[in-house]
Participant: 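The following block contains the structure, expressed as structure tokens.
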Amino acid sequence: MAATMFSGVGSAPSSPALFITLFGFLAAAVVWDLHQRRIPNALPLGLAALGLVANLFMQPLAPALLTAVIGLLAGFFIWLLPYLLRMAGGADVKLAAAVGVWLGPLGVLRASIFAALAGGVMALLMLLRHHGLLGSWVLLKTARHSRGGIASAASPKVSTLPYAVALAIGVACELLSLDLLGGLS
């Protein structure tokens, strides 16, 4: 794991507190997303603000601000295309931007890659749950040829994907330094 705030989890006395803070906010976002299919703006805003404060305690002022701002922008722009393609919601973009404040640009990129993998698995499981194995296969086969893809071919009973879950999984993978992608770390 490259230069993230958590590179010394367990070695610095404040690291477990930072870890718990980050995952406390992510857990709250997951609960809201699972139950309401939305995330209140206060969660990503509070997460970003606390991430900035944590950065200021861990680094001198200029590097802390630079890491926080570039991480925020990286999280935002990485998740902007999925938002524009209606694959993620606006709250997911804000949450990813807030995570970027904590992880920095490379950390949020890796966490987003892990989140995309987790989201893909979640989407397949949701598809199987709603359509069964044969129905999912037919849907995937016919969606390839339909103009709107899977989203337009899917029945109305298929709900939205709670992407805060996938993002939390992605952050956990990044923080646990799972080297599933080979040369990225």
Participant: Are Leu84 and Phe76 joined in one hydrophobic group, where the rule is that I, L, V, M, F, W and Y side chains link up if heavy atoms are under 4.5 Å apart?
Facilitator: yes

Participant: Where is the tightest heavy-atom contact between Pro162 and Met126, given as atom of each residue plus distance?
Facilitator: CD-CE, 4.2 Å

Participant: If we only count heavy atoms from C-beta on, is the Val171 to Trp102 side-chain gap below 4.5 Å?
Facilitator: no

Participant: Applying the 4.5 Å side-chain criterion to the ILVMFWY set and letting contacts propagate, would Ile70 and Leu103 be lumped into a single cluster?
Facilitator: no

Participant: Above 12 or not: heavy atoms from other molecules or residues under 6.0 Å from CE of Met87?
Facilitator: no

Participant: For residues Ala98 and Pro44, report the shortest heavy-atom separation together with the two atoms involved.
Facilitator: CB-O, 3.3 Å

Participant: Is any side-chain heavy atom of Leu167 closer than 4.5 Å to a side-chain heavy atom of Trp79?
Facilitator: yes

Participant: From Phe77 CZ over to Leu72 CG, what is the distance, rounded to the nearest 0.5 angstrom?
Facilitator: 9.5 Å

Participant: Are Ile113 and Val93 grouped together when hydrophobic residues (ILVMFWY) are joined by side-chain heavy atoms under 4.5 angstrom apart?
Facilitator: yes

Participant: Any heavy-atom pair between the side chains of Leu52 and Leu65 that's under 4.5 Å?
Facilitator: yes

Participant: Determine the minimum heavy-atom distance between Gly119 and Tyr163, stating which atoms define it.
Facilitator: CA-OH, 3.5 Å

Participant: Indicate the atoms forming the closest heavy-atom contact of Val101 with Gly51, along with that distance.
Facilitator: CG1-C, 3.5 Å

Participant: Rounded at 0.5 Å granularity, tell me how far CG in Leu80 sits from CG in Leu85.
Facilitator: 9.5 Å

Participant: Measure across Ile169 and Ala118 and return the closest heavy-atom pair with its distance rounded to 0.1 Å.
Facilitator: CG2-CB, 3.8 Å

Participant: Look up atom CG in Leu22 and atom CG in Leu50, then write down how far apart they are to the nearest 0.5 Å.
Facilitator: 10.0 Å

Participant: Minimum heavy-atom separation for Asn55 and Ala64, please, with both atom names.
Facilitator: O-CB, 3.3 Å

Participant: Linking I/L/V/M/F/W/Y whenever any side-chain heavy atoms sit under 4.5 Å apart, do Tyr83 and Leu47 land together?
Facilitator: yes

Participant: Rounded to the nearest 0.5 Å, how far does CG of Leu43 lie from NZ of Lys94?
Facilitator: 11.0 Å

Participant: Please evaluate residues Phe57 and Leu18 with respect to the criterion side-chain contact (heavy atoms from CB on, under 4.5 Å), reporting the C-alpha separation (whole Å), side-chain torsions for both, the decisive distance (0.1 Å), and the verdict.
Facilitator: CA-CA 11 Å; Phe57 279 112; Leu18 294 175; over 6 Å; no

Participant: Does the Arg37 side chain pair with the main chain of Leu34, one donor and one acceptor, at a distance under 3.5 Å?
Facilitator: yes

Participant: Check whether any side-chain heavy atom of Ile39 lies under 4.5 Å from a side-chain heavy atom of Asp92, and answer yes or no.
Facilitator: yes

Participant: Which residue, Leu26, Val31, Asp33, Val30, forms the side-chain contact (heavy atoms from CB on, under 4.5 Å) with Val165?
Facilitator: Val30

